[in-house]
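First comes the structure, then the notes that go with it.
Just so it is clear: chains get the letters A, B, ... in the order the sequence lines come, proteins before strands, and each one is counted from 1.
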Amino acid sequence: MNSILLAATLLAADPLFDDRSQAAGLNFTHFNGMIGEHFFPEMMGAGVGLLDYDRDGDLDLYLVQGSLLSDTHKLSQALIQPVSPLTDRLYRNDSKAGQLRFTDVTEQSGIVAPGYGMGVSVGDVNNDGWPDLYLSNFGRNQLWVNQRDGSFQEVSEAAGAGDDRWSITAVFFDYDQDGWQDLYVVNYVDYKLASAKICLSYNDAPDYCSPQSYRPTADRLLHNEGNGRFQEATSRAGLGRAEGPGLGAVTGDFNADGLADLYVANDGASNFLWMNQGGGRFKDEALLAGVAVNMSGMPEASMGVDANDFDGDGDLDLFMTHLDRQTNTLYVNDGEGWFMDQTMGSVLGASSFAFTGFGTGWFDLDNDGWLDLISANGAVVKIAEQVAAGETLPLLQRNQLWRNLGDGSYEDISAKAGGPFERERVSRGAAFGDLDNDGDLDVLITNNAGPVELLVNTAAGGNAWLGLAVTDRQGGPAIGVQATLRLGERQLVRRSRTDGSYLSAHDPRILFGLGEVDDKGATYAVELRWPDGKVSRHADLEPGRYHVISQPAG
Amino acid sequence: MLTRAAKSLLLLILLATAAAAQQPPDPLADPLAELVAQQAASPRDPGAAGRLGMYYHAHEQYAEALPWYEHAQALAPDRWRWPYLAGLAHMESARPKEALAPLSEAFALTSDQESVGVLLAQVLLSLGRLDKADRVLGQSLTQHPDSAALLAEQGLLRLAQGRFADAADRLRRALELQPAASRLRHPLASALRASGNREGAREALAAAGKQSPRFDDPAGDEMRSLSQSYAFYMSQGLLAAASGDLNAARQLLERALAASPENPTVGVNYARVLESDGDLEGSRAALQRVLQVNPDHAPAWRNLGVLAELEGEDSQALDSYRKAVALDPEDFRSRLLAGSAALRLREMALAAEQYAEAARLKPERDELLMSQAVAQWSVSCPKAIETALKLVQRRPEDPAALLLYIRLASTCDDAPPQARSNALNAARNLSQLYPGPVLKLSLAMAEAASGAYEDAAALHEAAAQTLAPEITTAQQNALAALLARYRAGQPSDQPFVLNEQVLNPPRLTPADRR
């Protein structure tokens, strides 16, 4: 669909997404375990992961569940009673003939994750080409290795990947280019139920605390030794002494030196930009690079984060969601890893002022080659009007959708986007993927104490697209591949990624929206930069389908 | 049809009239009732309506505040303050689009109010209306050429426009006018960096902080002063204390206490203001009041310890710090103060434990390792050497860290041979770089510990002859004792005085606390 058609769609107020959760058999509802004590973790979760765990060519879903936090209360005392089982769930994609359909296969998978779940990350820890799962919990984290027969085995302790602290999310990336995916675990604050503080709202009513009430904890870098074990590498990589209340993380080569860097979004504190120095060492350059604090010098709440090339200039920019009364922030890369906060000119600020954003991501809604934005919103302190109305979890907000106007600015089109953007929820996670393999990105939104939403993209109909399923040498999805495609004057950069957003893992495939194509026989060329630093070039790629491209031999 | 706001206003007027007819309100008991009564008695008085709006606004009840501001503006359309406050209320309730119209009206009514220009510019910038913001700032700056807040907004605007040299110029001028507005150094760094001046950016960031530029806001201040919230008074009181106005701080904290008499945080902050003002007795009484209601409030115990320390009562101070630590083991400051007091009292094991915990809580504070090592010395000198080694590994270029390691490794009877050898090598290298008496003494010690008696003695003699005034008698005696010990093959029971300043941390004084 070209821009004129999209505009026409908007004017006609046709929904841009269709919520097909129920029709597709996704009956999952998150349980937060709240009992009126305002435990901090209960309003923070939970996430969703997209992965093709059975390698049958379509995306399956992993949904993270909460549980009862207090061991002195009974389940019957929970203020919002559970609807779904109190363990994480794995759903297999059994779609046929264009009809999305998911089947709960948790029991067959062998996954038992009854802890208080936060996020899910997807990677391949043993280089067998099958996606594995890392679960970040309030409590012990879990690493589940895909057994290639539809089941998973937990290896957290044997692999040295457990962590008892409050972890929010984790990122798989090969920081030392040894061919094995390493793991960066983002930890939040030192919170214990037994010593939980009581925080008050302005009118002295009990409310949720901010992270400033607790000591931040250090993140953790685990080096994949290639023998089934991870080795603690935090200190030797130079990351050991930085503590921050981390909520989001995203990797990418921000300064185009061929090495994977890491950006960590800290809640209410300066963010980290760990620039890869080579030799397994990192250095935090966030302050000087202009991404530690916003333009005014204010540290922001920094929940969700994404890195992508929103302006088509060939480098990775950063976008972050924040608290209400702050604004979401757009950091624009100058190509050398130096950023400028251009929120003000992008119009992204004013429209986010009234919302608290979590899950987010750049994606091409209408395949016009310009990356649009979603923010999954939900407050973190009680909203007075909702308290007065007797809402049990008075943190409800609506989600937002912005259209990239192609000139560095965005237009808030939430009001025109239809049902899913009209209702209010306590949204947290957001994962992007082409669930129906039709060449546009669909969105999974998770809601705290609410049902998951499967938003199928109905806006991208007419524009051309080109998909890349980049695989490693074992045939599994390769993450951290940076693809460049020239489209007219623009040099579009996309990356194969599962990281970013909040608590969630994306479809690792790369999708280029190409806009309206007059020449029906047109083909395209892409350049791929692989995690080991090698570059491959691929020409004559036909639009309208996914091309499987394997990593060149080492 | 009546709008929701008009209905709300009508209902409030009716309620106010009814309340006023029943009995006169007690202003001390219910300031809202007084304001309602005043408005009911003078329904055409814009001030009465506006003050009612300000009261609601001060308590974050924006939906209730706005109709009163609109009513006040309708009664006095030439007054800027009501649309200004309405705009402020919209901004505080995260609605910049709605703030634009009333603020533009206020700006049209006055150009001599700094706050109106600042707020309108902020709204326009947040809405991405850069050209309009530029005009507003230009107009306001002609009235207030020395407004750091307006210059700061103009600097941010220039940054957004990509006019980096101009941005740096504006931000520098704002900082010249208000050097304390350290937050502005962040955008200044961005502007300098984008102009190619990376070194300048680094320098700006080195001094960056959290203080925003201040500006005159009489209407906003008057509104905020109506708040009965302890949080408002406490935050204002702490700001006053930070700026050195302890009298104002005391009064504001007293108002906070009146609003929330049993709030331990308010009580402790009040006690700290009294203590900073030299009123130690008043401070102690305030803390004891907190502890009567909240006996497990760790900050109150910690501050009682500070008071005892200020009065020279180290033992009493240590007791209080230990209580604070027991109640909140994660409190860095209590750990540090407990370690310092224990060290002065020569309770070395306790001091070592507290410093170790403090170092765990703030691993970036390397200097804690030095104190920890000194305290460990009397408990286990090999452990002290390990701690000193950790410090050297973190600060390999720091001569003080190396010096500590050399002295510990040279004077520990149970030091591993490798540590003594390392110390000797380090002392030789370091004395080349710093050929002063301290290093000569250290080299002598390291050589003595390694069995080179004659060299050590020679160095000692040289040091004593030529540099005697620079070496304290205690150090000379200690060195002599050390040499004698090795010559006799007998260990000494007197540990060498490593660093008097470290071993005897200075006592807090009231001036330090300020």
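Between the side chains of A:R220 and A:T234, no donor-acceptor pair of N or O atoms lies under 3.5 Å. Side-chain contact check for A:S427 and A:N399: at least one donor-acceptor pair (N or O, by modelled atom type) lies under 3.5 Å.
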Practice prompt. Could you check B:F164 against B:N197 for side-chain contact (heavy atoms from CB on, under 4.5 Å), going step by step and ending with a plain yes or no?
Written response: CA-CA 11 Å; B:F164 302 121; B:N197 182 359; over 6 Å; no
Worksheet entry | Derivation of the side-chain contact (heavy atoms from CB on, under 4.5 Å) call for A:D315 and A:F254 | CA-CA 7 Å; A:D315 56 36; A:F254 295 113; over 6 Å; no
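No other option in A:M340, A:Q342, A:E243, A:E385 has as many heavy-atom pairs under 4.5 Å with chain B as A:M340. For the set B:L130, B:V123, B:L205, B:D328, the count of heavy-atom pairs under 4.5 angstrom toward chain A peaks at B:L205. Listed options A:G349, A:G290, A:S296 were ranked by heavy-atom pairs under 4.5 angstrom with chain B; first place goes to A:S296. Interface check for chain A: of the options B:Q161, B:E92, B:M91, the most heavy-atom pairs under 4.5 Å are formed by B:E92. For the set B:R129, B:K97, B:R193, the entry with the most heavy-atom pairs within less than 4.5 Å of chain A is B:R193. No other option in B:R202, B:K210, B:Q61 has as many heavy-atom pairs under 4.5 Å with chain A as B:R202.
Using a 4.0 Å cut-off between charged side-chain N and carboxylate O, A:E391 and A:K382 make no salt bridge. Using a cutoff of 4.0 Å between basic side-chain nitrogens and carboxylate oxygens, A:E336 and B:R198 are scored as salt-bridged. The pair B:E330-B:R360 counts as a salt bridge, with a side-chain nitrogen and a carboxylate oxygen less than 4.0 angstrom apart.
Interface remark: B:A208 contributes no atoms to any contact with chain A (heavy atom separation under 4.5 Å). Interface remark: B:L361 contributes backbone and side-chain atoms alike to the contact with chain A (heavy atom separation under 4.5 Å). Residue B:A160 touches chain A through both its backbone and its side chain, counting heavy-atom pairs closer than 4.5 Å. For A:D190, the part lying near chain B is the side chain, with the backbone staying farther off; criterion is any non-hydrogen pair under 4.5 Å. Neither the backbone nor the side chain of A:F355 comes within less than 4.5 Å of any heavy atom in chain B. Neither the backbone nor the side chain of A:T327 comes within contact range of chain B; no heavy atom of the residue lies under 4.5 Å from a heavy atom of that chain.
If you look at A:F272 and A:F282, their ring centroids are not closer than 6.0 Å.
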